[in-house]
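Working notes, beginning with the structure itself.
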Amino acid sequence: MNETNAELYNRSASDWQRTEPILLSDFTARPFVLSWCEPIEGQRVLDLGCGEGYIARQLKKRGAAHVEGIDITPEMIAGAIATEQADPLGIHYQVGDASQLSGLDDQEFDLVIAVFLFNYVDREQMTSIMKKVLRILRREGRFIFSVPHPCFAFLHEEQPPFYFQRNGAGYFSGRDEVFEGRIWRRDGTDVPVRCVHKTLDDYFNSLAAAGFTALPAIRELYPQPEHLEMDPDFFASLEDKPLHLAFNIVS
Ligand SMILES: C[S@@+](CC[C@H](N)C(=O)[O-])C[C@H]1O[C@@H](n2cnc3c(N)ncnc32)[C@H](O)[C@@H]1O
């Protein structure tokens, strides 16, 4: 990985700035993650890898009592703060590494979310972040995260509107290898994304190694009939393919 994650996102930050769904995953993943965050009224929430605040804003608007966002990329946080200043919701953002959460208190949050964060770190870093999440969640708090489906890179060719380039890497032997990729917006703009490859059981093993003991709920996310009806040209090549995986676990 020559370019760091922060460098990758610093150069593409403006293409992520949005107030309505534009990216493929704004349709195929984020609405589901948001629905899983309910009931959100009165909750104290941490959004890890919050980007420019797309999800953080929606959670605050839906009634969360307190929302904090942390992201490693200065330009993404600058975008989040600019939107907050233009339309204040009371969300706190800071530049930070999800693996360095020492400034946060034990059991400070009711809900921690990480929407497409773990595809930017390897298995060891993921376990380390999950341990920190467990420390800052109150007892019986919730941890909800989404990642690219582990099979997606093996099922879809390198073509719009979403792909990861695995360069011949194997499903098991390719663990922790970096698959560079692109995801498209419906207006035709494509943005760079990255997936540090993990297998399905890596997520379960990391949660267990981090100290989570409950069984997570998981959902495989894929284009729904309403997506195909709304914009068949955009979604059709992904029909019947698993794009993302969402996890929901109680601490
Ligand atoms: C695909 S974007 C998703 C942004 C946001 N969660 C959303 O759903 O719109 C991934 C984000 O993870 C951030 N990121 C990557 N590694 C990180 C780390 N170690 N700590 C915090 N943020 C990180 C990137 O800067 C980027 O903003």
Side-chain angles (χ1 to χ4, degrees), residues 1 3-37 45-60 67-81 83 91 93-104 111-133 136 143-149 152 162-164 178-185 189-196 198 206 221 243-247:
M1 177 159 58
E3 191 181 32
T4 66
N5 294 324
E7 286 165 348
L8 180 84
Y9 275 92
N10 268 334
R11 75 174 160 86
S12 57
S14 59
D15 287 330
W16 285 86
Q17 197 77 36
R18 60 212 195 277
T19 52
E20 56 185 31
I22 52 172
L23 281 153
L24 170 74
S25 45
D26 292 341
F27 299 91
T28 51
R30 291 184 181 85
F32 180 79
V33 171
L34 283 164
S35 74
W36 250 2
C37 291
V45 183
L46 176 66
D47 184 353
L48 279 180
C50 63
E52 54 73 61
Y54 182 77
I55 297 282
R57 286 190 293 275
Q58 295 192 53
L59 293 177
K60 193 72 175 66
V67 180
E68 286 190 35
I70 292 179
D71 197 284
I72 203 165
T73 304
E75 284 299 318
M76 296 296 266
I77 289 294
I81 291 173
T83 306
I91 304 172
Y93 294 105
Q94 58 174 299
V95 176
D97 188 334
S99 46
Q100 308 287 333
L101 300 180
S102 51
L104 300 173
L111 169 66
V112 175
I113 61 166
V115 180
F116 301 113
L117 166 70
F118 290 131
N119 41 306
Y120 292 87
V121 299
D122 63 21
R123 286 176 291 166
E124 197 180 325
Q125 290 169 304
M126 177 167 74
T127 305
S128 160
I129 293 171
M130 287 174 171
K131 271 185 193 153
K132 282 151 190 147
V133 168
I136 61 175
F143 180 33
I144 295 174
F145 62 92
S146 60
V147 291
H149 194 289
F152 177 69
F162 185 27
Y163 71 81
F164 290 109
V178 179
F179 298 173
E180 302 289 352
R182 301 198 81 81
I183 194 165
W184 268 255
R185 303 175 4 161
T189 308
D190 59 310
V191 296
V193 284
R194 179 170 277 168
C195 183
V196 182
K198 296 166 196 74
S206 279
L221 303 176
L243 308 186
H244 329 283
L245 196 55
F247 287 75

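Computed over heavy atoms, backbone and side chain alike; hydrogens, waters and symmetry mates excluded. We count ligands from 1, going down the list as the structure has it; atoms in each ligand are counted the same way.
For atom 6 (N) of ligand 1, the closest non-hydrogen atom on the protein side is Gly49 O, 2.6 Å. With hydrogens left out, the protein atom closest to atom 20 (N) of ligand 1 is Ala98 N, 2.9 Å, a heavy atom. Of the protein's non-hydrogen atoms, the one nearest atom 15 (C) of ligand 1 is Tyr120 CB, 3.7 Å. Among all protein heavy atoms, the one lying closest to atom 3 (C) of ligand 1 is Val115 O, 3.6 Å. For atom 24 (C) of ligand 1, the nearest non-hydrogen atom of the protein is Asp71 OD1, 3.5 Å.
Residue Phe162 is tested with Phe27, Trp184, Phe152 for a ring pair (Phe, Tyr, Trp, His ring centres under 6.0 Å); the sole match is Phe152.
Under a 3.5 Å cut-off, the side chain of Gln17 and the backbone N or O of Gly79 do form a donor-acceptor pair. Side-chain atoms of Thr4 come within 3.5 Å of backbone atoms of Glu7 as a donor-acceptor pair (strictly under, hydrogens ignored). Side chain of Arg30 to backbone of Val115: no donor-acceptor contact under 3.5 angstrom is found. Although no hydrogens or angles enter the test, the distance criterion places no donor-acceptor pair under 3.5 Å between the side chain of Lys60 and the main chain of Val67.
Below 4.0 Å from some heavy atom of Ile72 lie the following atoms of ligand 1, by number and element: 14 (N), 15 (C), 16 (N), 17 (C), 18 (C), 19 (N), 20 (N), 21 (C), 22 (N), 23 (C), 25 (O). Atoms of ligand 1 found under 4.0 Å from any heavy atom of Arg18 (numbered from 1 in listed order, with element): 9 (O). Contact atoms of ligand 1 toward Asp97: 18 (C), 19 (N), 20 (N) (distance under 4.0 Å to a heavy atom of the residue). Remark: ligand 1 atoms within the under-4.0 Å shell around heavy atoms of Met76 are 27 (O). Heavy-atom proximity to Thr73, at under 4.0 Å, picks out these atoms of ligand 1: 24 (C), 25 (O). Each of the atoms 20 (N), 21 (C) of ligand 1 lies under 4.0 Å from some heavy atom of Gly96.
Ring-centre distance between Phe145 and Phe116: not below the 6.0 Å cut-off. A distance of 6.0 Å or more separates the ring centres of Phe247 and Phe143.
Of the candidates Tyr9, Phe118, Phe145, the one placing a heavy atom closest to atom 1 (C) of ligand 1 is Tyr9. When the options Leu117, Asn119, Ile113 are ranked by their closest heavy atom to atom 17 (C) of ligand 1, first place goes to Leu117.
Between Val121 and ligand 1, not a single N/O pair is under 3.5 Å apart. Where the criterion is an N or O separation shorter than 3.5 Å, residue side chain and backbone included, Arg30 meets it with respect to ligand 1. For Glu52, no nitrogen or oxygen atom sits less than 3.5 Å from a nitrogen or oxygen atom of ligand 1, counting backbone and side chain alike. Not one N or O of Asp47 is nearer than 3.5 Å to an N or O of ligand 1, by distance alone. Remark: ligand 1 and Leu48 share no N or O pair separated by less than 3.5 Å (distance only, no angle test). Of the polar atoms of Phe116, none of the N or O atoms is found under 3.5 Å from an N or O of ligand 1, judged by distance alone.
Contact of the Arg185 side chain with the Trp16 side chain is not registered, since no non-hydrogen atoms from C-beta on lie closer than 4.5 Å. By the 4.5 Å heavy-atom criterion applied to side chains, Val196 and Asn119 are not counted as neighbours.
Under 4.0 Å from ligand 1, the heavy atoms of Cys50 that appear belong solely to its backbone.
In this structure, CD1 in Ile129 is found 7.5 Å from CG in Leu101, a value given to the nearest 0.5 Å.
Counting only N and O atoms by type, the side chains of Glu75 and Ser12 include no donor and acceptor under 3.5 Å apart.
For the pair Arg18 and Tyr54, the distance from NZ or CZ to the six-membered ring centre is under 6.0 Å and the angle to the ring normal is within 45 degrees.
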